[in-house]
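Take a look at the structure below.
Below, chains carry the letters A, B, ... as their sequence lines are ordered, and counting in each starts from 1.
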Number of protein chains: 2
Amino acid sequence: MSLNTALISVDVVAFRLLKDKLHVLAQKIQAGKNDPQWMLPAGKIDPVKDQSIDDTAYRQIERLTSKKPGYMEQVVTLGDNRRDSRGWSMTVVYCALIDNNDCEQLAPGAEWLTTEAKTLNEQLAYDHSRLVQQALDRLKSKIQYSSLPVYLLPDAFTLSEIHGVFSAVLDKAPPMRSIRNRFLQGDLLIDTGKLRRGSNRPAALYKVNHHSETWLFDRLYSSTR
Amino acid sequence: MSLNTALISVDVVAFRLLKDKLHVLAQKIQAGKNDPQWMLPAGKIDPVKDQSIDDTAYRQIERLTSKKPGYMEQVVTLGDNRRDSRGWSMTVVYCALIDNNDCEQLAPGAEWLTTEAKTLNEQLAYDHSRLVQQALDRLKSKIQYSSLPVYLLPDAFTLSEIHGVFSAVLDKAPPMRSIRNRFLQGDLLIDTGKLRRGSNRPAALYKVNHHSETWLFDRLYSSTR
DNA sequence: GGAATAGTGTCTTTCAGACATTATTTC
DNA sequence: GAAATAATGTCTGAAAGACACTATTCC
């Protein structure tokens, strides 16, 4: 068997917050069974449509949702002769973050699965729960020294919502004092001047300064380890 | 054209220190020309020999040198329809670090090229100088918050030699005080009790505590940015 | 006023960095 | 003793974290 017959796919782990919980985009696999099985958005490179592997990844997301990821990065490329019974196979795994505005159109069969359910393992086919784990590990790590949290929030958000992202992803969060100091430094955020009102003191609404790219800080939070 | 005809290779950027300068492992391309051309250790996955892509990468290094990398990680997977005139092609790029003990047997045609030469661009064929740049970017970044420097040193080394690794890789280095404090904390290093002598006060020789895995610190050096 | 959440003040801790000082070797 | 490099002492600064305190809204 030569390498050219290898099966190469691009698999995307797209994260989104729904009801303060982290979810993953998945697609129902048609089957006659009762328990539905799910798979990540995945597919092959289309040499005609895709100029690069990133294009392939974007295309997989587009197939399932009208939303575009505000952030996407390659996590790893896996390849071995065990993942697929037909022989050697390869997967380029991406991690994508999708903002939390409303206005989403899901394709038929597409759904956001909560990452919290212990059943996620059984819900996902192939080795896809392992891919989710790897993307999640990356997210958990990178969230601690970058501006990634903002990509999971709506266009305008409060500092408390950043705190909420940490809670959803890590199950714990740094103190608000530290989040404030970090995210209000530099040109990272812009104060919209608007307020979010509730039955309490209103919170300032910020938006991302798209002038400045994904921000990398030079320290980790240590309270979240 | 279908994806199965894509050309997939595994390319390794292996770094090593020689005479206090950073070098990259390369292989001479046979050609009738005068100026020799070089390429990175690269090759295709062998479905029989390789259980995983990592195996393929290790095999490329073994072809050129008797030394095994003390550290290796995937950098990125590149794929597009521009790199190779024959159409879509894909490369999984690895970064490897090789210790600085002596005892090396190089295969015929293999050589360590200095990364400092401005001619490296012209010496390397295909898009390999771009791959070196990406691996080097990763190394420059990760060196600042991890124990990676020790993988470029011999089995026993002094703290000054760690300083030297920073100079070789970044062209600048954090103060010795900071290096000492960082690398002598925890179980990272073991004092061998031996000394390196010169025409001055001898320096303590340390070795890596292989009990502890690659160490990740929670701060960057900022003097080196 | 009370409940609730937003936001500030300030002190402590940790670690990088600056820089002076001391230590140990060879010559 | 001089030169050279190794190692320590100690102070400063930046940012995280703890925690008390104040602010602003709705009811």
Side-chain angles (χ1 to χ4, degrees), chain A residues 20 141-147 149 153 156-167 170 172-207 215-225, chain B residues 20 141-147 149 153 156-167 170 172-207 215-225:
Chain A
D20 290 330
S141 151
K142 203 153 186 177
I143 207 182
Q144 309 213 43
Y145 63 90
S146 73
S147 58
L153 292 172
F157 51 84
T158 67
L159 292 173
S160 298
E161 287 177 302
I162 295 179
H163 187 270
V165 173
F166 282 97
S167 302
L170 299 171
K172 48 192 167 182
M176 275 305 298
R177 195 75 185 89
S178 304
I179 291 176
R180 284 192 117 60
N181 285 341
R182 173 178 281 199
F183 281 86
L184 293 184
Q185 101 192 174
D187 283 337
L188 187 43
L189 300 184
I190 298 172
D191 190 335
T192 63
K194 295 176 186 160
L195 298 174
R196 167 151 311 159
R197 300 182 167 278
S199 63
N200 46 33
R201 174 173 176 174
L205 280 167
Y206 297 89
K207 62 179 181 181
W215 207 281
L216 298 178
F217 304 102
D218 57 6
R219 286 198 206 180
L220 261 47
Y221 290 118
S222 46
S223 57
T224 48
R225 280 192 303 153
Chain B
D20 291 329
S141 151
K142 203 154 186 176
I143 207 182
Q144 307 213 44
Y145 63 89
S146 73
S147 59
L153 293 171
F157 51 85
T158 67
L159 293 173
S160 297
E161 288 176 301
I162 294 180
H163 187 270
V165 173
F166 281 97
S167 302
L170 299 171
K172 48 193 167 182
M176 276 303 298
R177 195 72 185 92
S178 303
I179 292 176
R180 288 194 112 67
N181 286 341
R182 173 177 283 198
F183 282 85
L184 293 184
Q185 100 191 175
D187 284 336
L188 186 44
L189 301 184
I190 298 171
D191 190 334
T192 62
K194 294 175 186 160
L195 298 173
R196 167 150 312 158
R197 300 183 167 279
S199 63
N200 46 32
R201 173 171 177 176
L205 280 166
Y206 297 89
K207 63 180 179 181
W215 208 280
L216 298 178
F217 304 102
D218 58 5
R219 287 196 204 181
L220 261 46
Y221 291 119
S222 47
S223 58
T224 48
R225 280 191 303 153

Tell me what A:S222 touches on the nucleic acid: a base, only sugar-phosphate, or nothing, going by heavy atoms under 4.0 Å.
sugar-phosphate

Given DNA chain D, 5'-ward residue of the pair A:F217 and B:A204, judged by closest heavy atom
B:A204

List for me each residue that meets side-chain contact (heavy atoms from CB on, under 4.5 Å) alongside B:S160, sequence neighbours excluded, and say none if there are none.
B:T158, B:M176

Would you please name every residue forming a salt bridge (Lys or Arg N to Asp or Glu O under 4.0 Å) with B:R196, sequence neighbours left out?
B:E161

Which heavy atom in A:Y206 sits nearest to a heavy atom in A:D191, and how many Å separate them?
CD2-CA, 3.7 Å

Partner residues of A:R197 under the side-chain contact (heavy atoms from CB on, under 4.5 Å) criterion, sequence neighbours left out:
A:L195, A:P202

How do B:R219 and B:S160 order along DNA chain D: which one's closest nucleotide is nearer the 5' end?
B:S160

Donor-acceptor contacts under 3.5 Å from residues 217-224 of chain B side chains, at least two apart:
{"unit_1": "B:D218", "atom_1": "OD2", "unit_2": "A:R225", "atom_2": "NH2", "d": "3.2"}
{"unit_1": "B:Y221", "atom_1": "OH", "unit_2": "B:R182", "atom_2": "NE", "d": "3.3"}
{"unit_1": "B:T224", "atom_1": "OG1", "unit_2": "B:Q144", "atom_2": "OE1", "d": "2.4"}

For DNA chain C, note the earliest and the latest nucleotide, 5' to 3', having some atom under 4.0 Å of a heavy atom belonging to chain B.
C:dT14 to C:dT26

When the nearest nucleotide of DNA chain C is assigned to B:T224 and to B:N200 on a heavy-atom basis, which residue is associated with the more 5' position?
B:T224

Span of DNA chain D engaged by chain A, first through last nucleotide within the 4.0 Å heavy-atom cut-off, is D:dA14 to D:dC26

Tell me, do B:L189 and B:F157 make a side-chain contact under 4.5 Å, heavy atoms counted?
yes

Those residues that, when tested against A:A173, pass side-chain contact (heavy atoms from CB on, under 4.5 Å) (two or more places apart)
A:H163, A:F166, A:S167

Check DNA chain D against residues 175-198 of chain A and give the residues with a non-hydrogen atom under 4.0 Å, in numerical order.
A:P175, A:R177, A:S178, A:R182, A:R197, A:G198

B:I162 versus B:P149, closest heavy-atom pair with distance
CG2-CB, 4.1 Å

The side chain to side chain donor-acceptor pair (under 3.5 Å) partners of A:R177 (sequence neighbours excluded) come to A:N181

Give the minimum heavy-atom separation between A:I179 and A:L159, together with the two atoms involved.
CG2-O, 4.3 Å

